[in-house]
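Below: one structure, written as structure tokens.
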Amino acid sequence: MCPIDGDDCVNENFEELRTRLSEIGDIGSSIALLYWDQSTYMPEGSAMARGRQLGTLSKMAHKMFIDPEIGELLENNRVLEDNNPYDSFEASFIRVTKRDYDKATKIPPEFTAKLSMHNTEMNQAWVKARPADDFSMVQPYLEKTVVYSREMADFFPGYEHIADPLIDLADYGMKASNIRKLFAELREELVPVVKKITELEPVDDSFLCQPYDKDKQLEFSKAIAKDIGYDFATGREDMSPHPFTISLSIHDVRITTRIDPNDPRDCIFSTIHEAGHGMYEQGIDPEFERTSLAGGASSGVHESQSRLWENIVGRSLGFWKFYYPKLQEEFPEQLGNVPLDAYYKAVNKVQKSLIRTDADEVTYNLHVMLRFDLELDMLEGKLAIADLANEWRRRFEADMGVSVPDDKDGVLQDIHWYHGMIGGQFQGYTLGNIMGAQFYETALKAHPEIPGQIELGKFDTLHSWLKNQIYQHGRKFTANEIVENVTGKPLTIEPYMKYLKEKYGDIYGITL
Ligand code: ZN
């Protein structure tokens, strides 16, 4: 340790801090690789061994990170935060690492171990309960989850709402109160739109529901991912039951997709969605490699990128003006006689459906808000787990006007609650939709030529703009800061509702 707080000393301390965090980062990347393998190619019988390996590495990384010496090094380098501009690498590095450190040290390692064991057991119960359509198989586990989630929240005293610390873990800086307000506004606007559209004659998408060659689907989707800017030199695409993106390094960001042999939509749009996540991670400043800044700002900002590319770009008419003739060439039997307009309507079909992940852009947020509200009710103690399945049905029917035939496609459908906390799990999806539209509106103001370029299969201007405004900064800024810096105003539902109303008003030939 240095006797005085001279510049050399700060440098020495800074280098030591960087080295130690880099090594922790390398363990994190190794964890990611094991997880990627587990979710793609690992033999089924290896689950237990892999669980142990992941457990050991996670414990190691956590222990190394919460070492009091890291706290001291951070304290010794505080001057870098004070003496450098807020958005400089040094100040951001110290600020963000300190925030992570403060959080990590508040959660006792015994709690993390207990929770991870519980999550494994609960997940195993869920894997059986869902196909069996038997909520009672997970009920006792879920009751424990609520207790653990509250315990987790209480490690961060001083909150306004018990869900706040849990929301904060995924969407730093967001609170139940702000999200509730935003979601209430959105619901008020969305419900009449959903009602108007779903009262109309349903769109015909039968031509998409027939056999489509799997290899051709994959090749076509990969070509799109490459065109929009996902870099296969530092990435790859594989298959998994639930598509995901994982970063092993800024120079190794992998995506997965899935293929429905009887519907090309799943593969194409899952690929574009994950490529959006992937481009975000690939676009982070390479200088941030092996630091706490190498990652997305929040779950909401991440989702804003995947959904901007998937929906605003990938489901636009201009996009398909370019790609549809190519898709027809690949699948002449299925699509040769189907006009562009019919295809465009089919990939944007609005319908009241049971499953969130299959939901269209218009109804999607109702699925998310339902889950968000139930999470708050459970944490507040207003809703007992014993009543959750029934409350789900009641709420779903009230929101969607569709009755839920079973729990399998109701309360048991998403993995989130059966794999982690109750609280903070879902808001990011809708925040992402709202943010994505606000970012895109700003991009169009700066570059009105973007829609014309999309029609020609050119995405450079939009990709560079997003990289410049959002991707390169990694975790330097919070979600709220990014929204304000990029768009000049706080998060608002206006651009999103304007986008939905214009797009779906045109598609359905009505005023929304
Ligand atoms: Zn996503």
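Counting starts at 1 for both ligands and their atoms, in listed order. Being a predicted model, the structure only gives us computed values, none of them experimental.
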Among Phe396, Tyr429, Phe426, ring pair (Phe, Tyr, Trp, His ring centres under 6.0 Å) partner for His367: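 Answer to the ring pair (Phe, Tyr, Trp, His ring centres under 6.0 Å) test with His367 among Phe396, Tyr429, Phe426: Phe396.
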
Look at the N, O or S atoms of Glu274, main chain and side chain alike, and state whether any lies under 2.8 Å from the Zn ion (ligand 1).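 No, outside the cut-off.
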
NE2 (His277) to the Zn ion (ligand 1) to NE2 (His273) angle, given to the nearest 10 degrees: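 The NE2/NE2 angle about the Zn ion (ligand 1) sits at 100°.
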
Looking at Glu303, pick out the N, O or S atom nearest to the Zn ion (ligand 1) and give its name.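 Answer by atom name: OE2.
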
Tell me, with the steps shown, if Gln217 and Phe331 meet side chain to side chain contact (heavy atoms under 4.5 Å, CB included). CA-CA 9 Å; Gln217 284 193 43; Phe331 300 103; 4.2 Å; yes

Compare every heavy atom of Glu281 with every heavy atom of Ser247, then report the nearest pair and how far apart it is. CB-OE1, 3.6 Å

Before we go on, tell me: are the rings of Phe372 and Phe183 under 6.0 Å apart, centre to centre? yes

